[in-house]
Number of protein chains: 2
Amino acid sequence: MDEMPARMAAKPSWLITQLAVHTRRLVFDAFAAAGSRGHHYRALAVLHEFGAVSQAELGRRSRMDRSDVVAAVNELVEQGLVDRSPDPDHGRRNKVTVTRAGVRHLRRMDGVVDQVQDDLLQPLSAEERQTLTRLLGRVLARHEDL
Amino acid sequence: MDEMPARMAAKPSWLITQLAVHTRRLVFDAFAAAGSRGHHYRALAVLHEFGAVSQAELGRRSRMDRSDVVAAVNELVEQGLVDRSPDPDHGRRNKVTVTRAGVRHLRRMDGVVDQVQDDLLQPLSAEERQTLTRLLGRVLARHEDL
DNA sequence: GAGTAATGTTGGTGCCACCAACGAATGAGC
DNA sequence: GCTCATTCGTTGGTGGCACCAACATTACTC
């Protein structure tokens, strides 16, 4: 691989965005091979951990725009992995729930995701992986609450 | 900010791609405020550090697709920041060079980029920043040569 | 000299984040 | 109660970034 400018190679912003490109590809390929996609996994994860929620809350918890949630839920409904029904207590709101098949699919994808972590962090020791995760978590947290 | 699923919050792949979103926004906004863009900075950095190169090499060194290089160089030429001329020794190849104004612009953008690093890593100490940079660099290097 | 590779260019694709607007419905302040 | 602001689902669209296919032209390899 050709050498890149030194001023770029040393910048955290470059390292993060560039590594994210590779990461996205790993994740995308792994999901694609299993017939799924990132948005789907995120939605299923939210529904599994927080129970039935509205699409709006689903979007907030999975960091997705409302409009993207619509598409994701549409696709998941079509695959029988979630159910969408109007919330009886709440006129406008939808209640989205994972199906049995959805939970099974989520479990499979959990395995896929774990595999990706291993591919991604291959050059690092267990301790280094932990350090990296901790530091990234702190930086991200800072940027999430403003 | 709403809580996200625990299985996601702990995954390096999630932390990296999600932090990259915030990073891209910081970089994009900072560049936009200075009337520039990421591709432009990358191209100028390559030209400044490696001298006059072909568009193909420019793309390889800045991790851009050849087609994206065409657009970036077009725009930079229009702003007078680079010159594009046919390589005399090489029929098909173009020789791209930074202009005086291009170097000045690059220097300004260097300052902008440095500021972004500070915003980005605010919660970390100097030592932690160094650790993070080193770990990210190692992981990225691994994924760049296969 | 013939076949392969590289170059610049055009014109796409797709993911992901995001925005604007809208009608419908809920919630808060008074 | 009634008004006003907010929330919700949905449609349709933007833009950055990475990437791919094809093509004509030129260089490189054997």
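Note on naming: letters A, B, ... go to the chains in the order of the sequence lines (proteins, then strands), and numbering restarts at 1 for each one. Reckoned from all heavy atoms, side chains included, excluding hydrogens, waters and symmetry mates.
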Sugar-phosphate, base or nothing in reach of B:Ser67, heavy atoms under 4.0 Å: base
Ionic contact status for A:Glu75 with A:Arg37, cut-off 4.0 Å: yes
Sugar-phosphate only, base, or nothing, as touched by B:Arg93 at under 4.0 Å among non-hydrogen atoms: sugar-phosphate
Within-4.5 Å side-chain heavy-atom neighbours: B:Asp114 and A:Lys11: yes
Value in whole Å for how far the C1' atom of C:dC18 lies from CZ of B:Arg24: 14 Å
Single-linkage hydrophobic cluster, 4.5 Å side-chain cutoff, A:Met64 and A:Phe28 together: no
Whichever of B:Arg63 and A:Asn74 has its nearest DNA chain D nucleotide further upstream toward 5': A:Asn74
Presence of B:Gln55 side-chain N/O under 4.0 Å of C:dT9 phosphate oxygens OP1/OP2: yes
Closest to the B:Ala56 side chain, choosing from C:dG8, D:dT10, C:dT9: C:dG8
Rounded interatomic separation in angstrom, taking CH2 from A:Trp14 and P from D:dG16: 17 Å
OP1 or OP2 of C:dA17 under 4.0 Å from side-chain N/O of B:His22: no
Interatomic distance, A:Asp89 CG vs C:dG27 P [rounded to whole Å]: 10 Å
Touch class at under 4.0 angstrom, heavy-atom based, for A:Asp65 against every strand present: base
Nearest-neighbour nucleotide for the B:His90 side chain, C:dT9, D:dG9, D:dC28 considered: D:dC28
Proximal nucleotide (of C:dT9, D:dG16, C:dC16) relative to the A:Arg42 side chain: C:dC16
Phosphate OP1/OP2 of D:dA18: any B:Arg66 side-chain N/O under 4.0 Å: no
Length of the CZ-C1' vector between A:Phe31 and C:dC15, whole Å: 14 Å
Presence of donor-acceptor pair under 3.5 Å, side chain of B:Arg92 and base of D:dT26: no
Nearest-neighbour nucleotide for the B:Asn94 side chain, D:dT10, C:dT9, C:dC15 considered: C:dT9
Residue pair A:Arg142 / B:Gln122, side-chain donor-acceptor N/O under 3.5 Å: yes
Nearest-angstrom distance from the residue atom CG of B:Asp87 to P of D:dT25: 19 Å
Note: A:Glu128-B:Arg138 ion pair, threshold 4.0 Å (strictly below): yes
B:Arg25 CZ to C:dC18 P, straight-line distance once rounded to whole Å: 6 Å
Separation of D:dT7 P from A:Arg60 CZ (nearest whole Å): 8 Å
hbond_proxy A:Asp68 side chain to C:dC16 base (donor-acceptor, 3.5 Å cutoff): no
Rounded distance in Å - NE2 (B:His143) to P (D:dA18): 17 Å
Check ion pair A:Arg92-A:Asp87 (N to O, under 4.0 angstrom): no
Touch class at under 4.0 angstrom, heavy-atom based, for B:Thr17 against every strand present: nothing
